[in-house]
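Here is the structure we will look at, set down as structure tokens.
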Amino acid sequence: MTRPAPTTEPSGLRPVSGHQPAEGGIAARARATADAPYLRDLNPEQREAVETTDGPVLVLAGAGTGKTRALTTRLTHLLTTRKARPGELLAVTFTNKAAREMQARTGDLIGNVVEGMRWLGTFHSIGVKMLRRDAELVGLRSDFSILDTDDQIRLLKQLIVADNIDPKRWPARQLAAFIDRWKNRGMTPDKVPAGEAFAFANGKGAELYGAYQQRLKILNAADFGDLLLESFRLLQENPDLLKSYQERFRYMLVDEYQDTNAVQYLWLKLLAQGHGNICCVGDDDQSIYGWRGADVDNILRFEKDFPGAKVIRLERNYRSSEHILGAASGLIAHNEARLGKTLHTEIDGGDRIAVQGVWDSGEEARQIGEDIEQAQRGGHLLDEIAILVRASFQMREFEERFITLGLPYRVIGGPRFYERLEIRDALAYLKLVVQGDNDLAFERIVNVPKRGLGDAALKILHGFARSARVSLMQAATSLIETDELTARARASLKGFVEDIARWRAMIDTTPHTELAEIILDESGYTAMWQKDKSANAPGRLENLKELVRAMGEYENLAGFLEHVALVMERDSGPDEDKVNLMTLHSAKGLEFDTVFLPGWEEGLFPHQRAMDESGHAGLEEERRLAYVGLTRARKRAKITFAGNRRVHNLWQSAIPSRFLDELPEAHVDVEETSGGYGGLGGFGESRFDRRQDFASSYDTPGWQRARRAAGDGATPSRGPRTIEGELVATEDPAASRHMVGERIFHQKFGYGRIAAADGNKLTIDFEKSGRKKVLDSFVERH
DNA sequence: TGATGCTGCGTTTTT
DNA sequence: CGCAGCATCA
């Protein structure tokens, strides 16, 4: 029987000398690993990533290179070779989905369910776990509740108002964003730089942050940011505790390292100072969450942060065809801040990336709809088709089109199940029953449905609770024995308090799903929506049913509530064959045979705001987003761009995305537009053919042909391509050479004089509307 | 308490 | 333009 070459002790296995002798002896272990069936299907790089167990390791895993396989095999290897017991592995991911997949696939490899991997989970869930164990060290009790963004904002608003700050001028949302950013960077209120604290309410920023943190402790609550920051603080301020964790975690594994933010990095760094066996897996080219605190530099800096680190590149792509990979690689090569990888695929040939220009977003949707129908006739599964958009407003047009065509589709992403109003209300009821002192839950539902407990009654209640230093529920219990409240409010509050108490008494005797139904029913909450005649009321009732159904998967109410804040996801069981519609961001990690990428226009993609706010770094992140989009495709990818797009109900002409120019010609086919636009009625061919309006320096033969057909020879200059201008037919399509100082007429802006010209882009001082940038084809000489 | 009108905003989203 | 959130009025 032929065996793979004796890769027993690749030099990378023990990069650090002076390590303790291997348990069981090197030879014995070598025999064990060479035989291990789980290693057989790995390529040499994956295998190295698995077998380089000790010391810091960075696995740069390109798109589709079998990252998850390497990762789960690594866990399997550590367990099988007994380098660590399940409880000694720390494995962190960003999403619950990724954590579940890691758990399941490791189990598959080992051959049965892995038990005791208690430290496999998201950063947040592991943070919660640490905090619950030692909550008092950060000023919480172990049953602290977890606030979501909505609670957070309500709370901040109270604080802003209490501080006599105008909440309109200084919105709580904005403060929440600041606080989030501070927490992401590992800053407690006292560490906020003075300059930044000033950014909110003239210097009240840090103060409010401090007040908010205090309030959270009083409420025995933590927000999402705290789960990271407070668990970091817990470790940092308690050396003995830190030491015990450092000793516990013999091996650490971090998925999607490019998405880590500063606190996560600091947290990992602390823990890794123990055994030093930290393996981070990621792809700098797929870092697309910079805007919410992720710091690509973490991955770029890895070798500096962890001296002696071994860097392993996974560059064999098993997903995409040659052309798709070639196009994506060519595109991402335009980024400067990257470690650099060269992906290869053995899937030869296939179709080139199709690029097509269309008249407007309507035609784009029609065209893609047609393409999909054609694919479907050819036997293509709709499940294997995805449309990836940059911004969610782009989805509407596709949905409308698909409904007209009767083409089944599903939208992935969108508002989260547990963020819905009715779900949050229902959860507040359940929380209040389980955790009587949860003031936020109390506030939320004490008058939902309406019980006649208005502002006046609540003010008295709040005042009493504050002076007596008790929870709102305790305050209510006392108040109903007095005459502080009006008779009506008192009776109503009494009913409410008694209801909650009655339900609480049922916790141990009633199955929790049944109890939930009783609560929703007897509280009048269900009835409230049944009476509501608005269009979304039936949907809300459906969601409540879904909530109760989801609860059935947990042991009891407390168990359900513990998970719900962190783990609850929308129901998405496998259903019929449907086209997938989602944003590029939510497509990360997924793959499809065929991918449509609409809206590749300057301003939309790359998005103007990303560039305005983050400049070059923003542009590079947009480019990574394009790379993520392309690499989702196994066999076919088609990019479209529209010459006109309606934004905020204004028609804007657009020019093709610079990313199109960055795709290597050899992997691209420019499709000449089919007759799809013929039915536009009034908007005839001549207009469409005037494609030079959004011409680029794109240079494939097909493109040139298309250009020649359009009668344009000039290559407009590069430069910032934010061009606004309403699309209006010009009489003379050849009128494109204008001089500075020339007087012109524009359909929308009237008369003006040219202040500057840059290719076909003119800066004009209009007599009535001031300085504007317009395209030369929209102005006439005068 | 509910209805009505006004203002401001309009990229991506996990936990 | 369309929507959400808020304030104001009846």
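When reading the values below, keep in mind they use all heavy atoms of this one structure, side chains included, and skip hydrogens, waters and symmetry mates. Chain naming here is simple, since letters A, B, ... match the order of the sequence lines and numbering starts at 1 in each.
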Charged N to carboxylate O below 4.0 Å: is that the case for [X] and [Y]?
X: A:D285; Y: A:R338; value: yes
X: A:R396; Y: A:E400; value: yes
X: A:R645; Y: A:D360; value: no
X: A:E256; Y: A:K67; value: yes
X: A:K183; Y: A:D223; value: yes

Return the value, rounded to whole Å, for the distance between atom [atom1] of [X] and atom [atom2] of [N].
X: A:K450; N: B:dG2; atom1: NZ; atom2: C1'; answer: 9 Å
X: A:R173; N: B:dG10; atom1: CZ; atom2: P; answer: 11 Å
X: A:R488; N: B:dT1; atom1: CZ; atom2: P; answer: 9 Å
X: A:K531; N: B:dG2; atom1: NZ; atom2: C1'; answer: 15 Å
X: A:D259; N: B:dT12; atom1: CG; atom2: P; answer: 18 Å
X: A:R624; N: B:dT11; atom1: CZ; atom2: C1'; answer: 16 Å
X: A:E622; N: B:dT11; atom1: CD; atom2: P; answer: 12 Å
X: A:H607; N: B:dG10; atom1: NE2; atom2: P; answer: 10 Å

Legend entry - Given B:dT13, B:dT11, B:dT15, the nucleotide with the shortest approach to the side chain of A:H585: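 Within the option list, the nearest is B:dT13.
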
Give one of base, sugar-phosphate or nothing for [X], where a contact means two heavy atoms less than 4.0 Å apart.
X: A:E613; result: base
X: A:R646; result: nothing
X: A:G452; result: sugar-phosphate

Legend entry - Residue A:K494 excluded, over 12 heavy atoms near NZ under 6.0 Å: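 Atom NZ in A:K494 is not crowded, with 12 or fewer foreign heavy atoms closer than 6.0 Å.
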
Inset, instruction - Determine, stepwise, if the pair A:R658 / A:E601 fulfils salt bridge (Lys or Arg N to Asp or Glu O under 4.0 Å). - result: CA-CA 8 Å; A:R658 71 191 74 189; A:E601 297 128 38; over 6 Å; no

Inset, instruction - Starting from the 5' end of DNA chain B, give me the residue, A:F94 or A:R390, whose nearest nucleotide shows up first. - result: A:R390

For nucleotides 3-7 of chain C, print each protein N/O atom paired with a nucleotide N/O atom at under 3.5 Å, atom names and distance only.
from  : atom 1 : to     : atom 2 : distance (Å)
C:dC6 : OP1    : A:K157 : NZ     : 3.3

Grab the N/O contacts between the protein and nucleotides 8-10 of chain C below 3.5 Å, and write none if there aren't any.
none

Legend entry - ring pair (Phe, Tyr, Trp, His ring centres under 6.0 Å) partners of A:W170, counting only residues at least two apart: A:F200

Legend entry - Stem regions touching DNA chain B, defined by at least 3 consecutive Watson-Crick or wobble G-U pairs below 3.5 angstrom: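 Stem list for DNA chain B: B:1-10 with C:1-10.
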
With distance as the sole criterion, is a donor-acceptor pair present between the side chains of [X] and [Y] under 3.5 Å?
X: A:Q158; Y: A:E443; result: yes
X: A:Q286; Y: A:Y627; result: no
X: A:N261; Y: A:R185; result: no
X: A:N220; Y: A:D143; result: yes

Legend entry - Within residues 291-300 of chain A, residues whose heavy atoms come under 4.0 Å of DNA chain B: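 Those residues whose heavy atoms fall under 4.0 Å from DNA chain B, taken from residues 291-300 of chain A in numerical order, are A:W291, A:R292.
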
Inset, instruction - Check whether any side-chain nitrogen or oxygen of A:R609 sits under 4.0 Å from OP1 or OP2 of B:dT11, and answer yes or no. - result: yes

Legend entry - A:T583 side-chain N/O to B:dT13 phosphate OP1/OP2 under 4.0 Å: yes

Inset, instruction - Please state the C1' separation for the pair C:dG5 and B:dT12 - nearest whole angstrom. - result: 23 Å

Inset, instruction - Between C:dG2 and B:dT13, how far apart are the C1' atoms? Round to whole Å, please. - result: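 B:dT13 and C:dG2 have their C1' atoms separated by 23 Å.
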
Legend entry - Residues forming a salt bridge (charged side-chain N to carboxylate O under 4.0 Å, His left out) with A:R424, sequence neighbours excluded: A:D148, A:D150, A:D151

Inset, instruction - Classify the ring geometry between A:F560 and A:Y554 as parallel (under 30°), tilted (30 to 60°) or perpendicular (over 60°). - result: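 Plane angle over 60°, so perpendicular.
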
Legend entry - Mutual orientation of the aromatic rings belonging to A:Y525 and A:W529 [parallel < 30°, tilted 30-60°, perpendicular > 60°]: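 If you compare the ring of A:Y525 with that of A:W529, the planes turn out perpendicular.
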
